[in-house]
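Each chain gets a letter, A, B and so on, in the order the sequences are listed, and its residues count up from 1.
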Amino acid sequence: MGTKYKLIVSISKSLLLARWKQTLVAAIGVTFSITMFITLLSFMSGLNDMLDNLIINRTPHIRLYNEIQPSKIQPIDNSDKYKTYHNFVSSIKPKNERLEIYNNAAIMKALKKDNRVLGIAPKITAQVIYNVGAIDITGVINGIDVEAENKLFFFKDYVTTGNYIDLKNTPNSIILGKGAAEKMLANIGDVIQVTTTKGDRMQLKVVGYFQSGLQDLDKVQSYASISTAQKLLGESNSFVTDIQIKLKDMTVAPVVAKEYQKLFEVEAIDIQTANSQFETGSSVRTIISYAVGVTLLIVAGFGIYNILNMMIYEKMDSIAILKATGFSGKDVNKIFITIALSIGIFGGTMGLIFGFGLSNVIDQIPFNTAALPTIKTFPVNYNPKFYMIGSIFSLVTTYFAGYFPSRKASKIDPVVIIRGK
Amino acid sequence: MNEIILEAKAISKSFHDPITIQILKEISFSMYKGDFVSIIGKSGCGKSTLLYILSTMDTDYEGDLLIDNVPMRNKKEAELASVRNEKIGFVFQFHYLLNEFSVLRNVMLPGLKLGKHSSKEVEERAYQKLKILGIENEALKKPNQLSGGQKQRVAIARALINDPLIIMGDEPTGNLDKKNSEIVFSIFQELAEVYNQSLLIVTHDNEFAARTHRTIEMEDGRIIKM
Ligand SMILES: Nc1ncnc2c1ncn2[C@@H]1O[C@H](COP(=O)(O)OP(=O)(O)O)[C@@H](O)[C@H]1O
Ligand SMILES: [Mg+2]
């Protein structure tokens, strides 16, 4: 069996080398398409990851919070008499409920024990007004646990000026959104004044700038430590408005969110629901990349189909003689399939190497944009999956490109060829 | 000596394009081991057509063909290919060597296909056959570097590689000059006399035919003398 296949391979090799220029052209076609396929997917996927990370890196997989909601049950609903009636008396109005998550210490303790949870970071969002001279600018101060925030959401990466840890170490400090800082003409070390919705005022020292990449956000958002935020709002040190949760497996977020909502009696939103539009954008880009890659491969496949058809036309005599001397149609078929696959394997392997090289080149090209402080060069994703798909695609296309010519070759009637002389 | 190796039983064949013409009409004959048989007849009388059927390449005929007492009818394409590989050596008017391979490799290919011997042994055997034909010095050349007579001798060596039951030739000297024809013919004769090889050779050369053991004469698709 092994020697039989060696014979087929050696015949294929000789036929292939006898026409090495044409086969090389066919192989280059495959190389080109695989190179483009790998590069395109790596680059597109790098872009996708970058854009996703813009959101995902800094979005909790699940966010627990409270919302001001009208009471679902009105007193009349509790009356046995009117239970089955349609009641429109709603005497209980939403009262000025605090957005605090009650019992948050117990919730956080429970979350830390849940082994689906990677980490949690408590947060306080406070609506404020930045007072700049005579003008007031509305904004939001996020009170964060600096270390937890950094561990889960890479806070450090987005603090473009100043040291993020100063937020924890310097009392009454603030890291301003870059846009907000520009509007306020606030420099590092300056002290700014903010006013809360309740009218309380507080002086805060600017220790850094924060740049998220989303300009609208950077114009309003600023960060303070959780204790600073509590002081600002005049709340106790148990006050927390949000609990941000990162899971080990992001995909289960919707299910877990529902579970927590019931369990802790709070609102819980998962990342998929919160950012559904980003998913769509990513998948459209991915589909386009695959479509272009596959189109290139199909074109390369036609190249192989042509060269094989030509080769078979030229090698009619050889095929006839092989058959006359005892090679079966199946053997002839195998010979040409082997030729096609060799072109595919050679061209495909070169394509993978060149694709890797070209991705590397793109990876080196500087790409500086104010919106993306953490990105220095074009993003490239070297996912081995693309290389796997690329090699499988090149084999499948070359196999199909070789299939019909090989079948034609295997059906050649030696008598017709020999008599034709 | 009287062991039948090939038997044609009422073989008929018609072509249907453009109109149906019967080319072979009830051809029956037998060949024994060691027979050196020639088939003669005017051009167009159906000699080649018959030989393609006898060599199992053409399967579209009526009647029966037995090779080594095994009927060939109803055999699959791959089975017929292995019959050709193992039992029949074919020499064509045109040499039909593969220019991509060396002379040696050309001779070896059917042997490698058979797979009875290791490739080392096949190579040795190929050298032996080339030696019998006096062209062992050309072994490593490419076929297109050889003369017509040499090429035909390579083709004969290739036909011999698997020690076939029978060698068939369709006007193997038809494309050669007098001198080379003579060489090729004496090789056939040597194979028959020295090696007891069975041969069935189609020729238009009556002189050649006269030197074989037995001559079958055809006319209009029939055997008129044998
Ligand atoms: N494919 C074909 N279709 C129709 N007629 C054919 C075909 N091949 C051969 N013939 C005819 O069959 C007859 C016998 O041909 P052939 O066996 O080659 O004769 P020979 O070898 O004796 O010269 C010729 O008349 C030829 O024209
Ligand atoms: Mg003829």
field: Side chain, backbone, both or neither of I8(A) within contact of chain B (heavy atoms, under 4.5 Å)
entry: neither

field: Heavy-atom proximity to chain A below 4.5 Å, by part of L114(B)
entry: backbone

message: Looking at every non-hydrogen atom in both residues, tell me the closest pair between I417(A) and Y96(B) and how far apart they are.
response: O-OH, 3.5 Å

task: Identify the two heavy atoms, one from F92(B) and one from I418(A), that lie closest to each other, and give their separation to 0.1 Å.
output: CE2-CD1, 3.3 Å

message: Are more than 12 heavy atoms, taken from residues, nucleotides or ligands other than D249(A), located less than 6.0 Å from that residue's CG atom?
response: yes

- prompt: Is there a side-chain contact between L109(B) and L322(A), using heavy atoms and a 4.5 Å cut-off?
  reply: yes

message: Tell me whether Y399(A) at atom OH has more than 12 heavy atoms from other residues, nucleotides or ligands lying less than 6.0 Å away.
response: no

message: side-chain contact (heavy atoms from CB on, under 4.5 Å) for R84(B) and T325(A)? Distances and angles first, verdict last.
response: CA-CA 6 Å; R84(B) 286 198 292 280; T325(A) 58; over 6 Å; no

message: Below 4.5 Å, heavy-atom pairs only: which of S318(A), A324(A), A320(A) has the largest tally toward chain B?
response: A324(A)

- request: Please check if atom CE in M310(A) has more than 12 non-hydrogen atoms from other residues, nucleotides or ligands closer than 6.0 Å.
  value: yes

- prompt: Considering residues, nucleotides and ligands other than F32(A), do more than 12 of their heavy atoms fall under 6.0 Å from its CZ?
  reply: no

task: Taking all heavy atoms of N85(B) and all of G326(A), pick out the closest pair and write down the distance.
output: CB-CA, 3.5 Å

Residue pair D413(A) / D58(B), side-chain heavy-atom distance below 4.5 Å: no

statement: Scanning both residues in full, the closest heavy-atom pair of A18(A) with E100(B) reads CB-CG, 3.5 Å

Heavy-atom pair of closest approach, residues R105(B) and S10(A): NH2-OG, 2.6 Å

message: Tell me whether the count of non-hydrogen atoms from other residues, nucleotides or ligands lying under 6.0 Å of OH in Y403(A) goes above 12.
response: no

- line: CG (L112(B)) and NZ (K6(A)) are apart, to the nearest 0.5 Å, by 9.5 Å

query: Counting heavy atoms not belonging to K13(A), are there more than 12 under 6.0 Å from its NZ?
result: no

field: Enclosure of R73(B) CZ (heavy-atom neighbours >12, cutoff 6.0 Å)
entry: yes

- request: Name the region of S119(B), side chain, backbone, both or neither, that has any atom closer than 4.5 Å to a heavy atom of chain A.
  value: neither

message: What verdict does the side-chain contact (heavy atoms from CB on, under 4.5 Å) test give for I11(A) and L98(B), after you've listed the backbone C-alpha separation in whole Å, the side-chain angles of each residue and the deciding distance to 0.1 Å?
response: CA-CA 10 Å; I11(A) 294 174; L98(B) 307 180; 5.9 Å; no

message: Tell me which of these, K76(B), K113(B), E79(B), has more heavy-atom pairs under 4.5 Å with chain A than the rest.
response: K113(B)

field: Any donor-acceptor N/O pair, E77(B) side chain to G329(A) backbone, under 3.5 Å
entry: yes

field: Atom OH of Y61(B): over 12 foreign heavy atoms under 6.0 Å
entry: yes

